[in-house]
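None of the values given here were measured: they were computed from a predicted structure. Any value given below was found using the heavy atoms of this structure, including those in side chains, with hydrogens, waters and symmetry copies removed.
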Amino acid sequence: MLPRIFQAEDGKDFFPKLQSRFFISSIMKCFLPFVLLASGALFFGSRYFDSPQIAIQPSSSLFLPFVNEEPSVLDRWVKPPSSLMHNMSDEELFWAASFAPQVKKYPFHRVPKVAFMFLTTGPLPLSPLWEKFFKGNEGLYSIFVHSLPSYKANFPPESVFYKRQIPSQVTEWGNISLCDAEKRLLANALLDLSNEWFILLSETCIPLYNFSIIYTYLKRSNYSFVDSFDDPSPHARGRYNPEMAPLIDQSQWRKGSQWFEVDRKVATHMVQDTKYYLVFKVFCKPPCYVDEHYFPTLLHIETSSLIANRTITLTDWSRGGSHPATFGEADISEEFFKRILDGQDCLYNGQNSSICVLFARKFAPSALQPLLHLASTVLGFT
């Protein structure tokens with residue numbers, strides 16, 4: 001007779017129980033060192049991290065593993081690009097910038113900004129004056145600089161011009177490449193939905209009033225400021241090429257200053273145009289200068305009701321020649337500004353106004369110090 005423990009009736013669960021106990025024992029032997037190690041770390045670690053010298057807070061992401069921290073689709077449209085440098089071609093850039101919301105009311109809090117677009121070959125010698133102009137108006141402006149591709153700016157991080165260069169190409173005076181650069185500036189600025197007004201400037205330009213006056217002037221205006229006029233002289237209408245017909249008739253031909261200010265709607269028209277651009281590229285050659293005719297003619301045809309047909313950038317042509325006067329250190333005085341600002345008369349929203357220009361050119365680097373000296377008393381900078 002078998003011992004009782006091996007009898008079938010009482011021992012039929014013996015081997016499963018034995019195997020289960022053996023399995024549990026094995027598990028305990030394997031994991032016991034790790035349990036002891038973890039307990040020790042928890043004990044001593046809690047004493048260490050509870051010390052007054054170090055305070056460590058648990059990351060909320062550890063306790064909320066399913067929280068989606070990616071920006072919303074709207075944020076991707078609303079937020080401006082984190083960097084102005086990109087590898088888009090002009091065709092891709094102009095396409096991206098040509099999108100315009102058809103619903104007038106924005107579904108987010110939007111503070112309209114002024115985009116200051118500097119078209120330059122290299123340095124900005126008058127940048128200290130512009131720094132004073134922009135100071136205290138953060139959030140109301142943005143800056144874009146188109147210089148020669150070989151030029152590397154060295155502004156310090158605290159400067160408003162720090163990393164404000166856009167991808168650029170070589171330009172040539174009187175050539176279609178100048179208009180390409182202007183469209184490039186507009187397109188990059190249009191990528192920021194907060195930019196509402198766009199001003200083209202050069203390295204020789206200065207503001208004639210403080211930021212608040214200029215911002216208010218642009219905000220209240222019902223029109224964009226693009227110089228566009230019909231001139232029967234050989235230097236205007238005489239440059240018209242009959243090969244441009246029938247797309248552009250001579251009666252539509254216009255001339256104007258290169259330096260403009262436009263709102264977002266007009267800027268979009270300028271960037272998205274390809275039809276008139278190709279005609280000018282082929283048929284406007286010196287003595288036809290594209291930068292003096294392309295945008296004035298385009299906007300006269302496409303958006304004539306939206307432009308004031310005048311510029312807000314003062315240029316002195318009184319000395320004659322193919323280039324305007326340049327003002328240096330000896331020219332700058334209170335009397336100088338009184339002379340160029342007094343006696344002005346123009347239409348502003350259909351009413352007579354004595355404030356007709358907001359900027360002026362051309363100012364040499366030698367003019368910087370006297371300009372800074374008069375910035376508070378004459379120009380109204382704070």
Side-chain angles (χ1 to χ4, degrees), residues 71-119 139-144 146 164 166-167 179-201 215 217-228 247 252 254 256 258-280 294-309 312 349:
S72 67
V73 175
L74 180 62
D75 285 340
R76 293 171 185 172
W77 278 91
V78 172
K79 291 184 178 179
S82 58
S83 172
L84 296 185
M85 302 307 294
H86 54 75
N87 59 2
M88 284 188 286
S89 66
D90 280 352
E91 181 182 13
E92 294 168 336
L93 174 64
F94 299 160
W95 178 84
S98 66
F99 286 98
Q102 300 303 305
V103 178
K104 292 184 178 181
K105 184 178 180 181
Y106 288 86
F108 58 92
H109 178 64
R110 178 180 182 261
V111 178
K113 297 188 299 186
V114 182
F116 292 83
M117 309 179 302
F118 291 85
L119 179 60
L140 296 177
Y141 67 86
S142 56
I143 296 172
F144 302 84
H146 187 293
R164 301 313 298 173
I166 66 169
C179 296
D180 292 336
E182 293 168 17
K183 292 178 74 171
R184 213 170 283 129
L185 281 164
L186 281 170
N188 278 278
L190 281 166
L191 295 180
D192 183 347
L193 285 178
S194 295
N195 288 327
E196 183 63 28
W197 306 284
F198 306 79
I199 303 171
L200 182 67
L201 303 160
Y215 185 90
Y217 193 94
L218 300 180
K219 183 178 181 179
R220 292 180 178 176
S221 176
N222 297 328
Y223 301 95
S224 293
F225 296 97
V226 179
D227 202 24
S228 178
L247 185 63
Q252 299 170 312
R254 292 295 183 271
Q258 173 186 2
W259 312 102
F260 59 75
E261 180 279 327
V262 294
D263 64 15
R264 193 170 185 90
K265 184 175 183 178
V266 175
T268 305
H269 274 282
M270 297 167 73
V271 166
Q272 69 186 14
D273 173 62
T274 57
K275 180 172 61 175
Y276 296 98
Y277 173 87
L278 292 176
V279 173
F280 274 90
Y294 171 47
F295 287 134
T297 300
L298 166 68
L299 298 180
H300 168 70
I301 297 173
E302 295 283 314
T303 62
S304 60
S305 63
L306 302 179
I307 61 176
N309 296 319
I312 52 174
N349 290 339

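The two residues Phe144 and Asn188 come nearest to each other via the heavy atoms CE2-O, 3.8 Å. Shortest non-hydrogen contact noted between Tyr294 and Cys179 is CD2-SG, 3.8 Å. Val271 approaches Ala187 most closely through the heavy-atom pair CG2-N, 3.9 Å. Shown here for Ser194 and Arg110, the closest heavy-atom pair between the two residues is O-NH2, 3.6 Å.
In this structure, the side chain of Arg164 engages the main chain of Ile143 through a donor-acceptor pair within 3.5 Å. With hydrogens and angles disregarded, a donor-acceptor distance shorter than 3.5 Å links the side chain of Glu92 to the backbone of Ser89. A donor-acceptor contact shorter than 3.5 Å links the side chain of Lys183 to the backbone of Asp273. Here the side chain of Thr303 pairs a donor or acceptor atom with the backbone of Leu299 at under 3.5 angstrom. A side-chain donor-acceptor contact under 3.5 Å links Asn349 to the backbone of Asn222. With hydrogens and angles disregarded, no donor-acceptor distance shorter than 3.5 Å links the side chain of Asp227 to the backbone of Gln258. Counting only distance, with no hydrogens or angles, the side chain of Ser228 and the backbone of Pro296 share a donor-acceptor pair below 3.5 Å.
Within the 4.5 Å cutoff, no side-chain heavy atoms of Phe118 are placed close to those of His146. Side-chain atoms of Leu201 and Phe116, non-hydrogen and from C-beta on, do get closer than 4.5 Å to each other. Inter-residue side-chain proximity for Phe94 and Gln272 is flagged as unmet; no heavy-atom pair is nearer than 4.5 Å. You'll find the side chain of Val266 stays beyond 4.5 Å of the side chain of Glu302, heavy atoms only. Contact annotation: the side chain of Val114 approaches that of Ile199 to within less than 4.5 Å [non-hydrogen atoms, C-beta and beyond]. Put simply, the side chain of Phe225 does not reach to within 4.5 Å of the side chain of Val262, judged on heavy atoms. Looking at Leu200 and Glu261, their side chains never come closer than 4.5 Å, going by heavy atoms from C-beta outward. Between Arg264 and Leu193 the shortest side-chain heavy-atom distance falls below 4.5 Å.
Applying the side chain to side chain donor-acceptor pair (under 3.5 Å) rule to pairs touching residues 94-108 yields nothing, sequence neighbours excluded.
Counted by atom type alone, Asn195 and Ser142 present one or more donor-acceptor pairs between their side chains at under 3.5 Å. For the residue pair Asn309 / His300, no side-chain donor-acceptor distance below 3.5 Å is found, with atom types taken as modelled.
Taken from CE in Met117 to CG in Leu119, the straight-line distance is 9.0 Å, to the nearest 0.5 Å. Atom CG of Leu218 sits about 10.0 Å away from atom CG of Asp263, to the nearest 0.5 Å. Distance check, rounded to the nearest 0.5 Å: CZ of Arg254 to CD1 of Ile301 gives 8.5 Å. Within the model, atoms CG of Leu185 and CG of Leu190 stand 11.0 Å from one another, a figure rounded to the nearest 0.5 Å. Rounding to the nearest 0.5 angstrom, the gap separating the NZ atom in Lys265 from the CE atom in Met270 is 15.0 Å.
Of the candidates Tyr223, Tyr215, Phe260, Tyr217, Trp197 forms a ring pair (Phe, Tyr, Trp, His ring centres under 6.0 Å) with just one, namely Tyr215.
With respect to the salt-bridge test (charged N to carboxylate O, under 4.0 angstrom), the residues Lys219 and Glu196 do not qualify.
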